[in-house]
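Given the structure is predicted, the values throughout are model-derived calculations rather than measurements. Because only heavy atoms are used, hydrogens play no part in the values below, and waters and symmetry mates are left out as well, while side chains stay in.
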Amino acid sequence: VVGMAKEHLGLALALNVPVFVVVTKIDMCPTHVLQENMSLLSRILKSPGCRKIPLLVNTEHDVIMSAKNFTSERICPVFQVSNVVGTNLDLLKMFLNLLSGRMEVREEAPAEFQIDDVYQVPVRIRKEIVPWRYLCLFEGVGTVVCGTCLSGVIRLNDVLLLGPDVLGAFVPVSVRSVQRKRLPVAEVRGGQTASFALKKIKRSMVRKGMVMVARALEPKACWEFDAEILVLHHPTTISPKYQAVVHCGSIRQTAPILNMSLPHLRTGDKAYCRVKFLKNTEY
């Protein structure tokens with residue numbers, strides 16, 4: 001169990017996210033080494049900091065029981081798989097298919113879409129069929145955004161507000177086409193991921209962290225926000241004007257700390273802070 005796995009486990013525990021463990025490459029691992037790693041993993045999960053109940057999944061009955069009680073955050077299913085031989089991969093897929101969503105879906109609420117990535121999709125033209133002088137008449141699909149629909153229903157040709165831009169404004173945008181899992185669909189509902197082709201929007205106008213929302217929400221961009229910060233581990237002291245990278249949804253941006261409820265923060269401390277984005281406003 002390497003340090004990165006312990007760090008990810010600590011983040012999941014701090015955010016109250018349910019955890020399951022997948023032990024890979026069991027086909028090439030000696031038996032005694034696998035047993036030692038499983039014993040170490042069991043001790044870590046049962047430690048006072050975790051207080052998890054490890055459950056080794058070997059049968060379909062174990063999968064059903066794990067998926068049913070997974071949201072209790074006490075049980076931690078453990079899978080031993082091999083991508084080469086295919087051992088227990090069917091159990092892992094079955095477990096993922098049985099999991100229920102933790103996000104409350106509000107289809108009756110105004111539409112809200114979070115952009116996770118942006119693409120520029122060109123058109124493919126056979127030059128031996130289309131003469132060179134007519135190539136300027138063909139256009140590609142254009143700017144394509146993909147992400148998650150957080151609430152509401154987004155349909156083809158809907159007009160939403162895209163933003164915030166560099167000035168903190170939201171501009172109207174029309175949905176040219178909708179795709180889910182590389183197949184065209186007519187609508188996307190809350191909790192689903194999808195891709196949208198946008199009309200008359202340049203690639204440079206869109207970035208990760210932006211949203212597309214309904215006009216009824218009357219969106220506003222902000223520079224500052226209040227946060228409760230828990231320092232899991234940090235080698236030095238954190239003081240006002242300290243700059244950190246904010247990871248919130250699809251937002252990735254540097255933000256300095258303006259003021260704190262404590263004069264200094266060290267490992268294990270918790271405080272309320274006022275944080276300001278460094279480059280762009282966010283929704």
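Screening Val63, Val22, Asp90, Val57 against Phe95 for a side chain to side chain contact (heavy atoms under 4.5 Å, CB included) leaves a single residue, Val63.
Applying the ring pair (Phe, Tyr, Trp, His ring centres under 6.0 Å) rule to pairs touching residues 191-216 yields Phe113-Phe196, sequence neighbours excluded. Listed by first and then second residue, the side chain to side chain donor-acceptor pair (under 3.5 Å) pairs that reach into residues 26-46 are Asp27-Ser82, sequence neighbours excluded. Pairs passing the side chain to side chain donor-acceptor pair (under 3.5 Å) check and including a residue from residues 150-171, sequence neighbours excluded, read Arg155-Glu187. Within the structure, every pair that satisfies the side chain to side chain donor-acceptor pair (under 3.5 Å) test and touches residues 223-235, not counting sequence neighbours, is listed here: Glu224-Arg274, Asp226-Arg274, His234-Thr236, His234-Tyr242. Sorted by first and then second residue, the side chain to side chain donor-acceptor pair (under 3.5 Å) pairs involving residues 206-216 (not counting sequence neighbours) are Arg207-Glu282. Applying the ring pair (Phe, Tyr, Trp, His ring centres under 6.0 Å) test to residues at least two apart or on different chains, the pairs with a partner in residues 243-283 are Phe225-Phe277.
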Start with the C-alpha distance between Val81 and Thr87, add both sets of side-chain angles, then the distance that settles side-chain contact (heavy atoms from CB on, under 4.5 Å), and finish with yes or no. CA-CA 5 Å; Val81 303; Thr87 306; 5.9 Å; no

Just do the side-chain contact (heavy atoms from CB on, under 4.5 Å) check on Gln179 and Val144 with the steps written out, would you? CA-CA 10 Å; Gln179 285 193 0; Val144 176; over 6 Å; no

Let's go through Lys279 and Thr254 carefully: what are the C-alpha distance in whole Å and the side-chain angles of both, what is the deciding distance for side-chain contact (heavy atoms from CB on, under 4.5 Å) to 0.1 Å, and is it a yes or a no? CA-CA 8 Å; Lys279 185 178 180 181; Thr254 303; over 6 Å; no

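With sequence neighbours excluded, the residues forming a side chain to side chain contact (heavy atoms under 4.5 Å, CB included) with Pro256 are Gln243, Leu278, listed by chain and number. Residues passing the side chain to side chain donor-acceptor pair (under 3.5 Å) test with Glu112: none are found, sequence neighbours excluded. With sequence neighbours left out, Tyr119 forms a side chain to side chain donor-acceptor pair (under 3.5 Å) with Asp117. Checked against side chain to side chain donor-acceptor pair (under 3.5 Å), Thr59 has the following partners two or more places apart in sequence or in another chain: Asp62. By the side chain to side chain donor-acceptor pair (under 3.5 Å) test, Thr143 is found to be paired with Gln120, residues two or more places apart in sequence or in another chain being considered.
Side-chain atoms of Leu41 and Val21, non-hydrogen and from C-beta on, do get closer than 4.5 Å to each other. Proximity of Val211 to Pro219: side-chain heavy atoms (C-beta onward) are nowhere separated by under 4.5 Å. A 4.5 Å side-chain heavy-atom check between Val23 and Leu34 finds at least one atom pair inside the cut-off. In this structure the side chain of Ile53 never reaches within 4.5 angstrom of the side chain of Leu55, judged on heavy atoms. A 4.5 Å side-chain heavy-atom check between Val19 and Leu45 finds every atom pair outside the cut-off.
The closest donor-acceptor contact from the side chain of Arg74 to the backbone of Thr71 lies at 3.5 Å or more, if one exists at all. Remark: the backbone N or O of Gln80 is paired with a side-chain donor or acceptor of Asn88 at under 3.5 angstrom.
Grouped with Val166 in one hydrophobic cluster are Leu167, the linkage being side-chain heavy-atom contacts under 4.5 Å among Ile, Leu, Val, Met, Phe, Trp and Tyr residues.
Expressed to the nearest 0.5 Å, how far CE of Met210 lies from CG of Asn280 amounts to 9.0 Å. Taking SG from Cys76 and CG from Leu9, the interatomic distance works out to 7.5 Å, rounded to the nearest 0.5 Å.
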